[in-house]
Amino acid sequence: MATALRFNNAALRPVLSSVRSPAKTIAFNGLRCYSSAKTQTLKESLAEKLPGEIEKIKKLRNGYGSKVVGEVTLDQVYGGARGIKSLVWEGSVLDSEEGIRFRGKTIPECQKLLPKAPGGEEPLPEGLFWLLLTGEVPSEQQVRELSAEWAARSDVPKFIEELIDRCPNDLHPMAQFSLAVTALEHESAFAKAYAKGMPKSEYWSHTFEDSMDLIAKLPTIAARIYRNVYKDGKVPAVQKDKDYAYNFANQLGFSENKDFIELMRLYLTIHTDHEGGNVSAHTTHLVGSALSSPMLSLSAGLNGLAGPLHGLANQEVLNWLQKMKKQIGSDLGDKAITDYLWSTLKSGQVVPGYGHAVLRKTDPRYVSQREFALRHLPDDPMFKLVSQVYKIAPGVLTEHGKTKNPFPNVDAHSGVLLQYYGLTEASFYTVLFGVSRAIGVLPQLIIDRAVGAPIERPKSFSTEAWAKLVGATL
Ligand code: CMX
C-alpha cells in the first residue's frame, strides 16, 4: 500500500525532494509524497512531523510569548546558572525526584517498548534515536532499517584513520576522539551546502544527513582509538547485517560475549540524553546555534563531556574504586568503606559518581545498570564493593553536608560493568559515553535547524555592573 505524506508547511516543501532513503526512491509531488515501500524511513517520519512541530511552537509563542516563566537571583547568576529556565530541549526532561524521561517515557518503559535485537533483552540505541527525534516508538522493521543505514554509512575517511594512528598513545582517548570528530568536518554536507548558499528550509535536511553519518562513523573511530592505544591496532570491519551496538562491541574486540553486547545496547541507550542544560548537550546546542556543522558542534560537546565533573567521572569512579580496594582489601565492612569515603572528602576531592546538579534521588540510569549487574554479575567483587558504597556513601555525604544530592549518578556504576567483561581501560570509558551522547544531542540539533532556532546570546555583566543592578555598593 502506498504511504501518503502530507506537508502543510511551505518552508519545508523544497527540502522534501532531498529526502532520500537507501531502500527506495521517493517521488514528491506538491504537498504529497508517495513511497512504494511499507515502512516509513526515519527521515520521512521526521519530515512528516516537522510542520506540526513548527506550528506548535508558533502557536505557543504567538499566544504566550510575553508570559513570565521565572525569576533569576544573583546567586543563580554566580552559581553556574543552576535552575535558570532558558533552554528548549524536546527529547527529554529531567525531574529532580524521578529522573529522566525520554519523550515522556522512563528508562524501564523504554526498556519494555523499544525494539530489541533478535533474542536480545535490552533496547537498541537505534530505537531511542528514533524516539528522541520523532517522539514515536519505532517498529522493529524501522529499527532494523536504521541499523542497516548506520552500518552503510560507517566508513571512515582514510585521512582520519591516519590522523588517529599518528596520535601518541598517551594522548587521552577523549582528545583523540574529539580531534577525529572535528576532522570529519571535511565530510560535512551542511558546511558544503552552506558555503554554496542554501535556503534556511534546507538546513535541517543537511543536518540530518551529517548527524546520521556522524553517528554511523563514531564506533569505528572509537574502536580504532581503543585498538591503537590498548591492543593490536586492528579494527574489524562493520558487519552490515548487524545492529549498532553489536558492531561496536565487535570492533572493540568483545563480540564473543553476548552479555557484553547486551550491556553495550543498554549502555548506549541510557547515556544518550539528559535534557539540555548539561555541559555536553548545552555545548553542542550552543555551538550549533552559530550554524557550525554537526561535526564541529558535537566535538565541542565531547570536549565538555571529557571534564571530570561531567562524563570523565565514569573513568574517575573505577580508578577510585580500585584504589579503595587496594587499600581495604577484602574487608568490605561498613567501617572500612566509611573511613575511605571520609579520607576522600577530607583530602578535598569529590566522591566521583555521586551528586548531581539537578537530580535529588538515585539516578534511574544507575538503577538500570545495578539491575543488569544483579542479573549478570551478582558475585563480582567489584560489584559488591559498588553496592557497599551505595549503602554507605549517601549517609557520609549527608553528614559531610555540602552536596545537595548524596545519591549516585550514572557514572557510579558503568565502569564496574565494563571491567567485569574485560574492558578494563578506564581512560577509554568516556569515549563510550561520547558515542552514546551523540545519539542524544544530535536529534536536538536537527530540530533546532528545522524550527529556525536563533544564535544563542545571553547577557553578561561585570561584577561592578551586577552590583549596580542590584543596588549594592562594593
Ligand atoms: N563529593 C564531594 N563533594 C560534593 C559532591 C561529591 N560527590 N557533589 C557535590 N559536592 C560539593 C560540591 O563540590 C560543592 O562544594 P563547594 O561548595 O565547595 O563548591 C557542594 O557540594 C555543592 O554542590 P552541589 O550543588 O550539590 O552540586 P553541583 O551542582 O555544583 O555539582 C556535580 C554537581 C555532579 C558536578 C557534583 O555533584 C560532583 O562534583 N560530583 C562528583 C563528580 C561526578 O560524579 N560527576 C558526574 C555527574 C554526572 C555526569 O555529568 O556524567
Side-chain angles (χ1 to χ4, degrees), residues 73 75-84 89 92 94 96-97 99-100 107 174 267-284 301-321 323-324 337-369 386 389-390 392-418 426-441:
T73 65
D75 269 346
Q76 285 177 296
V77 168
Y78 279 89
R82 206 69 85 253
I84 299 176
W89 198 263
S92 65
L94 179 61
S96 63
E97 300 294 312
I100 197 70
I107 289 177
M174 274 305 274
Y267 183 105
L268 293 177
T269 298
I270 63 174
H271 284 76
T272 48
D273 198 26
H274 217 227
E275 73 167 38
N278 66 76
V279 169
S280 51
H282 186 196
T283 307
T284 305
L302 291 173
N303 288 339
L305 191 71
L309 296 188
H310 192 16
L312 200 80
N314 65 5
Q315 157 185 325
E316 304 287 275
V317 168
L318 192 71
N319 291 338
W320 177 77
L321 288 169
K323 269 193 221 149
M324 186 189 324
I337 308 282
T338 305
D339 289 350
Y340 195 85
L341 282 158
W342 277 114
S343 71
T344 300
L345 291 167
K346 283 182 181 154
S347 69
Q349 298 167 63
V350 294
V351 174
Y354 279 73
H356 200 273
V358 180
L359 279 167
R360 295 294 174 259
K361 284 271 168 71
T362 298
D363 190 336
R365 300 172 299 174
Y366 176 93
V367 174
S368 65
Q369 295 181 88
V386 163
V389 174
Y390 183 32
I392 306 286
V396 171
L397 283 166
T398 303
E399 197 182 330
H400 183 240
K402 272 184 149 191
T403 175
K404 294 187 188 71
N405 173 35
F407 300 107
N409 60 57
V410 66
D411 298 317
H413 217 306
S414 44
V416 164
L417 298 174
L418 296 164
S427 54
F428 184 71
Y429 290 173
T430 313
V431 177
L432 298 176
F433 196 159
V435 172
S436 176
R437 188 52 41 122
I439 296 172
V441 297

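Counting convention: from 1, in listed order, for ligands and their atoms alike. Only a predicted model underlies this, so the values are computations on that prediction, with no experimental measurement involved.
Sorted by first and then second residue, the side-chain hydrogen bond (donor to acceptor under 3.5 Å, both in side chains) pairs involving residues 399-408 (not counting sequence neighbours) form an empty list. Within the structure, the side-chain hydrogen bond (donor to acceptor under 3.5 Å, both in side chains) test picks out the following pairs touching residues 356-369 (sequence neighbours left out): E97-K361, H274-R365, T362-Y390, D363-R365.
Taken from CD1 in I337 to CH2 in W342, the straight-line distance is 15.5 Å, to the nearest 0.5 Å.
Under the 3.5 Å distance criterion, the side-chain polar atoms of E275 are left unmatched by any main-chain donor or acceptor of S92. Remark: the backbone N or O of L268 is paired with a side-chain donor or acceptor of S436 at under 3.5 angstrom.
In this view, T430 and N314 satisfy the side chain to side chain donor-acceptor pair (under 3.5 Å) rule, not counting sequence neighbours.
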Could you pull out the N/O contacts under 3.5 angstrom between ligand 1 and the surrounding protein atoms?
| unit_1 | atom_1 | unit_2 | atom_2 | d |
| --- | --- | --- | --- | --- |
| ligand 1 | 1 (N) | V351 | N | 2.9 |
| ligand 1 | 7 (N) | V351 | O | 2.9 |
| ligand 1 | 7 (N) | Y354 | O | 2.8 |
| ligand 1 | 8 (N) | T403 | OG1 | 3.4 |
| ligand 1 | 18 (O) | K402 | NZ | 2.7 |
| ligand 1 | 21 (O) | T403 | N | 3.3 |
| ligand 1 | 25 (O) | K404 | NZ | 2.8 |
| ligand 1 | 26 (O) | T403 | OG1 | 3.4 |
| ligand 1 | 26 (O) | K404 | N | 2.7 |
| ligand 1 | 29 (O) | R82 | NE | 3.1 |
| ligand 1 | 29 (O) | R82 | NH2 | 3.1 |
| ligand 1 | 30 (O) | R82 | NH2 | 3.2 |
| ligand 1 | 40 (N) | Y354 | O | 2.8 |
| ligand 1 | 44 (O) | G353 | N | 2.8 |
| ligand 1 | 44 (O) | N409 | ND2 | 3.0 |
| ligand 1 | 45 (N) | L309 | O | 2.9 |
| ligand 1 | 50 (O) | H310 | ND1 | 2.6 |
| ligand 1 | 51 (O) | H310 | O | 3.4 |
| ligand 1 | 51 (O) | D411 | OD2 | 2.6 |

